[in-house]
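Residue numbering restarts at 1 for every chain, and letters A, B, ... go by the order of the sequence lines.
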Number of protein chains: 2
Amino acid sequence: MTRPRSRRGGGRPTIADVARKAGVGAITVSRALREPGRVSEDLRRQIQAAVDELGYVPDPNARALASARAEVFGVLVPSLTNNVFAEVVRGIYDSLSDSPFRIQLGNTHYSGLEEERLLQVFALQRPAALIVAGIDQTPLSRKLLETAGCPVVQVMETGPDPVDMLVGFSHFDGGRTATEHLIEMGYRRIAFIGARMDPRSQRRLAGYRAAMEAIGLFDPRLVTTTPLLSSVSLGRELLRDALAKMPSLDGVFCNNDDIALGVLFECRRAAIAVPKTIGIVGFNDLDMMQAAFPSVTSVRTHRYEIGRRAVAMALAAIAGQRPQQRVVDLGFQLIRRESTAR
Amino acid sequence: MTRPRSRRGGGRPTIADVARKAGVGAITVSRALREPGRVSEDLRRQIQAAVDELGYVPDPNARALASARAEVFGVLVPSLTNNVFAEVVRGIYDSLSDSPFRIQLGNTHYSGLEEERLLQVFALQRPAALIVAGIDQTPLSRKLLETAGCPVVQVMETGPDPVDMLVGFSHFDGGRTATEHLIEMGYRRIAFIGARMDPRSQRRLAGYRAAMEAIGLFDPRLVTTTPLLSSVSLGRELLRDALAKMPSLDGVFCNNDDIALGVLFECRRAAIAVPKTIGIVGFNDLDMMQAAFPSVTSVRTHRYEIGRRAVAMALAAIAGQRPQQRVVDLGFQLIRRESTAR
DNA sequence: TTGTAGGCGTTATCAG
DNA sequence: CTGATAACGCCTACAA
């Protein structure tokens, strides 16, 4: 009597065990689980019973190997701690939590090279879909995305030429709207302050510039930027720099809300009245902008919704339904608050 | 002439291709890649040449299937957007970026049931290591961790009875230290304000209580909590609630920095002097506490370092080196600032 | 040190 | 609608 060869795996039941117990072929079990419609009612019930009794769960690795396709969403973002991307990622996770898809998350650290590297690693898994932040991929990254053989969703921006699908909003318009609001409220010497100027920040700056040039008030000395990572402390420093260059400035459009909060704190510390002497506008509308004193005007963006929408579009594409519109603009919303109410 | 059967996979080179080109057996290629020391210098060079020329990269799914062990770190955190856990996760990602290990990240939403569910899903992959937040797993979760057959690191806390390894600090001590500082600075009617009271927050509260009882000043009416998720806005509301219950309070120990910032804003809006009338202490020491005006005293915790350390310990365990100490206390640091300097 | 044989658990293919 | 057979790409076990 030959001893059954011990399983290398942890002794989990396999599809063969289920098939035996249900009295059918293994492939029928496989089908019953993946395409219930193609298996007769009777067998389906028997198989389900066997699955439940045995506690069978398909092995994702075996499945990926056999089908040359992993049930994985690859997600690439430039930062894990920046609340903006954390919200997008949360939307993605929430949308996928009840699906069979796993998530492979990568942090590019705002680096195109890192993005290329991660894309190559991700491609090895033959993911079911790829979600990447931004539209400024390197040529190699773009080629990797195009040849990935799966739906691709670029998020956070709009643009004319998506690799596949696109969900986001116009940072240029956001920057222009914010600046126009300051102008409308009577501010004139309006500074732009920004840290870690990634492509999206650059476009907000371009929007700011367009608005300022439209009224003939653009001046390069009004622009203060740094490659350093954003933080509230940095906002304080940048305002000091900006004031040193241009002591008469009377408004600030900040690249993001962290910077804006720093600017607000620095104003208070320096006894500069907000909004009377200086008006402040942030970007993203984090919760704290509403809570601040004075509350801070900001451009609300829909990060969580972008994540959800990206998944919905990818899921539809996987199901074979190419969406009518490959580019979705979720827009933004100017939230007027005390910091510009003079 | 039979046509060679087309590969199901995307035509990527396989280990057999490399073996053929290098004139060796497939297994030798496999070994050369995983345990270079066990392959002769000559062959290793030939194989490496073939690998480079072909652009061969091992298929992680096939590898996982054959070895019954995936090169994956499973990571479970209660929130993706809470900066505290985002920092831990960032530390984990940074520590693993140059390793062959992928990361499987799960969001438990502060739910024990979600944690159980995710743990079960993760176990299917036979991960190389598991990192989970907290020490209050459900009995089932704990059993899943114990039988996972891989190193397990619990993070964010200390405790006497780790599943395997543990990296963190004492939230009880942190809460007590924060409270004692307020006492030392002359505050007496010190409130505790906290949102989303997870186990760690509960222990901070216990530390607060211990400090207050030590001087005979504990009063349940000083404690205001809510199950809602933390936010700056919520901090404002909670302070109003706390003042309604106890108008004479003169100090606040906040569960975390978001709440603390909200409390600060509410004080300013209500023209309550800080630190003169009310002293404020936060928890975690986010960057903004130093930038705030007035700057806010907080308990600095080492989240990023916790993530790095957890990975280092897991990596060592994988390499067969059980660490001398299975429990690592990274401590915390009280950072005294203007909000308590009266 | 290297190779041979076989299996890991699942799905694609194609026939019935 | 169902099933037998052959991959998928790699690794473990054992032998040489």
What's the CG-P distance between Asn61(B) and dC10(D), to the nearest Å? 11 Å
Can you tell me the distance, in whole Å, between the CZ atom of Arg31(B) and the P atom of dA13(D)? 12 Å
Is Asp17(A) reaching over with its side chain to a backbone N or O of Thr14(A), donor-acceptor style, under 3.5 angstrom? yes
Return yes if some donor-acceptor pair links the side-chain N/O of Tyr93(B) with the main-chain N/O of Leu105(A) below 3.5 Å, else return no. yes
Whole-Å gap separating P (dT10(C)) and CD (Glu35(A)): 16 Å
Output the rounded distance in Å from CD (Gln46(B)) to P (dG3(C)). 10 Å
So which nucleotide from dT11(C), dC10(D), dG9(C) ends up closest to the side chain of Leu65(A)? dG9(C)
Hey, does the side chain of Ser30(B) come within less than 4.0 Å of dC11(D)'s phosphate (OP1/OP2), counting only N and O? yes
Closest of dT2(C), dA12(C), dC10(D) to the Thr28(B) side chain is dT2(C)
May I ask you to say what Gly37(B) touches in the nucleic acid, namely base, sugar-phosphate or nothing, with a heavy-atom cut-off under 4.0 Å? nothing
Just the rounded figure in Å: distance from C1' of dC8(D) to CG of Asp59(A). 13 Å
Candidates Val29(B), Leu33(B), Thr28(B) - the one meeting side chain to side chain contact (heavy atoms under 4.5 Å, CB included) with Val39(B): Thr28(B)
A quick test of your reading: do over 12 heavy atoms of other residues, nucleotides or ligands sit less than 6.0 Å from CG of Asp98(A)? no
Which listed nucleotide (dG9(D), dT2(D), dT10(C)) is nearest to the side chain of Pro58(A)? dT10(C)
Using whole Å, report how far CG of Leu124(B) lies from C1' of dC8(C). 15 Å
Along DNA chain C (nearest heavy atom to each residue), the more 5'-positioned of Ala62(B) and Leu43(B): Leu43(B)
Using atom CG of Leu33(B) as one end and atom P of dC11(D) as the other, report the distance to the nearest whole Å. 8 Å
Report the nucleotide, chosen from dT10(C), dT12(D), dT2(D), that has the shortest atom-to-atom distance to any side-chain atom of Ser67(B). dT12(D)
Proximity to the side chain of Ala66(B) - top-ranked nucleotide from dC8(C), dT2(D), dC8(D): dC8(C)
Thr14(B) side-chain proximity, nearest of dT11(C), dT13(C), dC10(D): dC10(D)
Is the number of heavy atoms from other residues, nucleotides or ligands within 6.0 Å of CZ (Arg309(B)) greater than 12? no
Tell me: CD1 of Ile27(B) to C1' of dA16(D), nearest whole Å? 15 Å
Give one of base, sugar-phosphate or nothing for Arg34(A), where a contact means two heavy atoms less than 4.0 Å apart. sugar-phosphate
State whether Arg38(B) places a side-chain N or O below 4.0 Å from either non-bridging phosphate oxygen (OP1 or OP2) of dT1(C). no
